[in-house]
Visitor: 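Before I ask anything, let me first share the structure, which is written out below as structure tokens.
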Amino acid sequence: MLDLASAKVLAAGICMGLGAIGPAIGEGFVAAKAMEAIGRNPAVSDKILPNMIVAMAICESTGIYSLVIALIILFAI
Amino acid sequence: MISLAAEPLFRLGPFVITNGVLGAFTITGTMTVLALLMRLNISLIPGRVQAGLEMLVNFVLELLERSFGSREAARTFFPFLMTVLLFIVVANQFSVVPFVSQLVAGEKPLLRLPTADLSQTLLLALFVIGLSHVLALRMSPLKHIGAFIKLKPFLNIRRVRDIPQALLDFFLGLLDIVGELAKVISLACRLFGNIFAGEVMVAVIAGLTTLTAFVVPIPFMVLSIFSGFIQAFVFLLLSTQFIAGTYKSYYVESPTSH
């Protein structure tokens, strides 16, 4: 049986580790497609880059949720 | 020790002043003084700083113009969005300023990054989403409320078969209300999570052993500086999208009121 402190640390680690998988894959896809588009037409890279960053930030948000939950588990409960 | 919430320092009447709020006041005060100094030295032939700032202003104005569709509307919302951008950019890089993180009041740090305080990012997000809704309600109140509480499909019912579709539309409208709340939370948590995670990362690496306290945190600091700029830009872009979305969808109906 785990005591509360070790359960909290374990939960935060699992939460962050699993939560980081999805955004990593998603951001990889976004970056890959953006690079592909830039490679096909280098002239539009100025327009693609900000859009890519915004799309990445939105992909990242699920990772950020799990981070916030991990932080709440660690510090606030 | 890192704490998730901003720590209260003292009371000012009914308000509790936390170190995050003190950080925000410091940044606002410094930026106001700098802006006034900049205004004194403004000239027709720009110096290096003025040219850089003019480039930034032009860049943001063009970005807003593309989102809002007209220069006039872009100029209306420019002051608010530019203020948000400047505040977040400076607030994210606040910990890089020497001696800021060393100042302590008793046990607690005296200043804290305002964007590493969930209350303040939540405030910024609430203001942006609230502004978009107030704007929409002022332009066409009935249509905006109707977009969330969808009673119109019930009026179009001709046959019994249409009833499930109308019910579905109604519940989808209710789900959109949840979506609006989720927008606020995601906008606030994204900024808070990134900046606070950067802080925690540097603190953890620096506090790991004596060996890692000096040179090893530098790459992580560079990463958090970079993500600070990116997140400020992302906050600007997303809030522009939210405001421009409601602005554009209701602007056609009443062009006189904006």
Visitor: What pairs of residues pass the side chain to side chain donor-acceptor pair (under 3.5 Å) test when at least one of them lies in residues 33-52 of chain A, not counting sequence neighbours?
Guide: none
Visitor: Any side-chain heavy-atom pair from Leu237(B) and Ile53(A) closer than 4.5 angstrom?
Guide: no
Visitor: Please check this pair: side chain of Arg190(B) against backbone of Ala57(A), looking for a donor-acceptor N/O pair closer than 3.5 Å.
Guide: yes
Visitor: Got a sec, which residues hit side chain to side chain donor-acceptor pair (under 3.5 Å) with Asn92(B), two or more places apart in sequence or on another chain?
Guide: Thr115(B)
Visitor: Given that the side chain runs from C-beta out, which part of Leu67(A) has a heavy atom under 4.5 Å from chain B: side chain, backbone, both or neither?
Guide: side chain
Visitor: Going by the rule salt bridge (Lys or Arg N to Asp or Glu O under 4.0 Å), which residues pair with Glu54(B) if we only count those two or more places apart in sequence or in a different chain?
Guide: none
Visitor: Heavy-atom pairs under 4.5 Å with chain B - which of Ile72(A), Ile64(A), Leu74(A) has more of them than the others?
Guide: Ile64(A)
Visitor: Quick one: OG on Ser61(A) to CD1 on Ile185(B), what's the gap to the nearest 0.5 Å?
Guide: 12.0 Å
Visitor: Report yes if some heavy atom in the side chain of Glu60(A) is under 4.5 Å from a heavy atom in the side chain of Asn194(B); otherwise report no.
Guide: yes
Visitor: Considering heavy atoms only, which positions within residues 222-234 of chain B lie below 4.5 Å of chain A?
Guide: Ile230(B), Gln231(B), Phe233(B), Val234(B)
Visitor: In terms of heavy-atom contacts, does CZ of Phe59(B) have more than 12 from other residues, nucleotides or ligands at under 6.0 Å?
Guide: no
Visitor: Under 4.5 Å heavy-atom distance to chain A, tell me which part of Leu238(B) shows up: side chain, backbone, both or neither.
Guide: side chain
